[in-house]
Amino acid sequence: MELFLKKFKTKYDSAPFSKINLSDYKEAFEKTIELARAEIDAIVKNTEKPTFQNTIEALDYSGEPLDRLSSLFFNLNSAETSDDMQKIAQEVSPLLTAFSNDIALNEDLFKRVKAVYDQKDTLTLTTEHATLLDKKFKGFSRNGALLNEDDKLKLREIDTELAKVKLTFGENVLAETNNYQLHITNEANLKGLPDGTKEMAASLAKSKNLEGWIFTLDFPSYLPFVTYVENRELRKEIAIAAGKKSFQDNEFDNKENVKRIVELRHKRANLLGYQSHSHFVLEERMAQNPEKVQSFLNDLLEKAKPAAQKEFAELTAFAKEIDGIDQLEKWDGAYYSEKLKQKLFSLDDELLKPYFKLENVLNGAFTIAEKLFGITFKEIFDIDKYHKDVQTFEVLDFEGKLVAVFYSDFFPRKGKRNGAWMTSYKPQYIKDGINERPHVSIVCNFTPPTETKPSLLTFNEVTTLFHEFGHALHGMLANTTYPSLSGTSVYWDFVELPSQVMENWCYEPEALALFAKHYETGEIIPQDYVEKIKESASFLEGMATLRQLSFGILDMTYHRKSQTIEDVKAFEKQAMQGTSLYPDVAENCMSTSFSHIFQGGYSSGYYSYKWAEVLDADAFAYFQENGIFNKEVATKFKDNVLSKGGTELPMELYKKFRGQEPKVEALLKRAGLL
């Protein structure tokens, strides 16, 4: 437990995973909360008049041991959890919520913050100082500091319950994902499936002492199954299983949790004087208000829908032509899209995968970062890991100085949630003249190596790796004074710019030549494959855009006005009807496993993926105009976007980089929707 109270006595102050016992966490949380509380008390009891340094700055630097512990614990709870760990999460979440409420509702502390805020026009503040002051003041006002005592109590109750319900929502989705397996013993039922996926499924069956093949709802298992298996009934079975996660009237059902989360969020927003949860959230976003988001989504919908309907008609005609299918269902989409793509471009993932060995792709991302931003990555073996699959790297600048510690964790396993994400174990900040460097991690669920093959990625997995690596660069190249403004601590609809812009290099011949090499022969990916990758980049883009917009619209429908939801399924169906192409599946409901908005931080923010696509298309167009490895443009991007974190308004940072506001035409042109 003492371990968590001061700096770790390890190389680079890295997390000592192997020395941590589960039994230490609860007490460590209690103790670090106590220490953080003492720091807050010291700020409040300071007899000197409130200044930026003794109040705002002191507040931002407070609670460092607690922040480190929380990052460590909750990162592991996502990447390497267990029943015991989940129990601890349920126990400590209310403690953390209570503590953050104690700060947000501390009148004496708020008085000091407000005293500094009220005199901001007379203070000599840098842009970063002014941003921090504004953020701290809003941190109080948006969390109930201006409420009366009764309402403050109500807010605490809402926040405590909300934290627990969101945690339960996520645990239910993980349990449902883990509880399903499709066990196949007749190989004829796997016709069409690539050998690599088949081998992975056989090895999973073997690990469970079963004959045949096992498929799960983890993406590296699920996606190839619905994309390649010819047996339509089996595709239907696994697709319905995926679509009914936590919608099965069992102990892991999330229908009531969805209703409760939505209800509590609206109550909270109303209590704080906002019309809705969306109004509350969007006040601190580039988009500013629900009307602007709605108009952004509707505008894109209007442009994408005709293309999507045309593509869907073509896909339907294609399925009819080759298999006599009259009505395309959801379990047919990936299968016939892949078949049509192969026909149009003579290109499929199985053809490409040998050129995308995981190690090569990762090294490619490293090389591109070196060419653009002058940093190098070197694998090291003398810092602790939480699992044998994890790799650790030191990131150095051209002078050999430490930029960051980087962790990568690429393969699915039982205690790891689905999907891909970037996170950090330690933020970057400058204190007492020392620039503390960040410890950043990316976590994915890629196709693992088998007994005969290394991990070979689908092209979609390649872009996912580059996406998360873009987030990681945002964290690693951070160079701000204050921890709460560092790295990815930016407006939510700006945070996807660095990640999405990095994906663009995956389509460029000059970049692919660096890493897309056949894992057996070392041959660089043939030029005609590269051209086909570029051509196929906008394949069925209308349908893909409609799908993304449907999630954004569903999110906004839940959150943009207070309402009573009788039936989650009916509510969802109504919200998404303008974006639906496939017939509805009665047994399925997306909302009950829509973790992005009900467990993660994307509520009233799912639109930000599309919003950031506009930014990234416009930003990459600037690179293309000047050369994709142009040092001057890369340095502008590093200095004005990646290193600046949340120290300034995103649009101001973007304009400093680009010289102008982004244009939506760049996205429409790239997507072939103009």
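All residue numbers in this chain count up from 1 along the given sequence.
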Mind checking whether F446 and F219 have ring centres under 6.0 Å apart?
no
- F225 six-ring centre to R235 NZ/CZ under 6.0 Å and within 45° of normal: no
Of all heavy-atom pairs linking N75 and S424, the shortest is ND2-O, 3.1 Å
- prompt: N231 and N189: side-chain hydrogen bond (donor to acceptor under 3.5 Å, both in side chains), yes or no, with the steps?
  reply: CA-CA 6 Å; N231 186 317; N189 285 328; 3.1 Å; yes
Look at the rings of H596 and Y606 and say which category their plane angle falls in: under 30° parallel, 30 to 60° tilted, over 60° perpendicular.
-> perpendicular
### Task
Carefully, step by step, assess E496 and S608 under the rule side-chain hydrogen bond (donor to acceptor under 3.5 Å, both in side chains).
CA-CA 7 Å; E496 295 296 334; S608 63; 5.8 Å; no
For F296 and W611, I'd like to know if the aromatic rings sit close, meaning centre-to-centre distance below 6.0 Å.
yes
(request) Inspect the surroundings of NZ in K631 and state if more than 12 heavy atoms from other residues, nucleotides or ligands are less than 6.0 Å away. (result) yes
Margin query: Donor-acceptor check, side chain of T521 to backbone of E523, threshold 3.5 angstrom: yes or no?
Written below: yes
Note: I525 and Y529 closest approach over all heavy atoms is CG1-CB, 3.8 Å
Inset, instruction - Could you tell me whether Y355 and F515 have their ring centroids closer than 6.0 angstrom? - result: no
Exercise for review: Salt-bridge test for K401 and E399: reply yes if a basic N is under 4.0 Å from a carboxylate O, no otherwise.
Suggested key: yes
- Between D409 and K416, is there a side-chain N and carboxylate O pair less than 4.0 Å apart? yes
Does the side chain of Y228 come within less than 4.5 Å of D349's, by heavy atoms? yes
task: Please state whether the rings of F406 and F469 are parallel, tilted or perpendicular, taking 30° and 60° as the class boundaries.
output: perpendicular
Only one of L182, L190, L193 passes side chain to side chain contact (heavy atoms under 4.5 Å, CB included) with W213, and that residue is L190
Worksheet item: Is D618 salt-bridged to R658, cutoff N-O under 4.0 Å?
Response: yes
Value for NZ (K534) from CG (L512), rounded to nearest 0.5 Å, stands at 9.0 Å
Do K532 and E535 meet the salt-bridge criterion of a basic N to acidic O distance under 4.0 Å?
-> no
Taking atom NZ as the centre, does K414 end up with more than 12 heavy-atom neighbours from other residues, nucleotides or ligands that are less than 6.0 angstrom away? no
For E359, the salt bridge (charged side-chain N to carboxylate O under 4.0 Å, His left out) test, sequence neighbours excluded, returns none
Under the side-chain hydrogen bond (donor to acceptor under 3.5 Å, both in side chains) criterion, do E468 and S499 qualify, and how do the steps go? CA-CA 6 Å; E468 298 310 331; S499 55; over 6 Å; no
May I ask you to decide whether E541 forms a salt bridge with R670, counting only side-chain N to carboxylate O separations under 4.0 Å? no
Exercise for the section: Give the C-alpha distance, both sets of side-chain angles, the deciding distance and a yes or no for side-chain hydrogen bond (donor to acceptor under 3.5 Å, both in side chains) between Y602 and Y609. Expected result: CA-CA 10 Å; Y602 277 86; Y609 281 108; 3.2 Å; yes
Practice problem: Classify the angle between the aromatic ring planes of F657 and F637 as parallel (below 30°), tilted (30 to 60°) or perpendicular (above 60°). | Solution: perpendicular
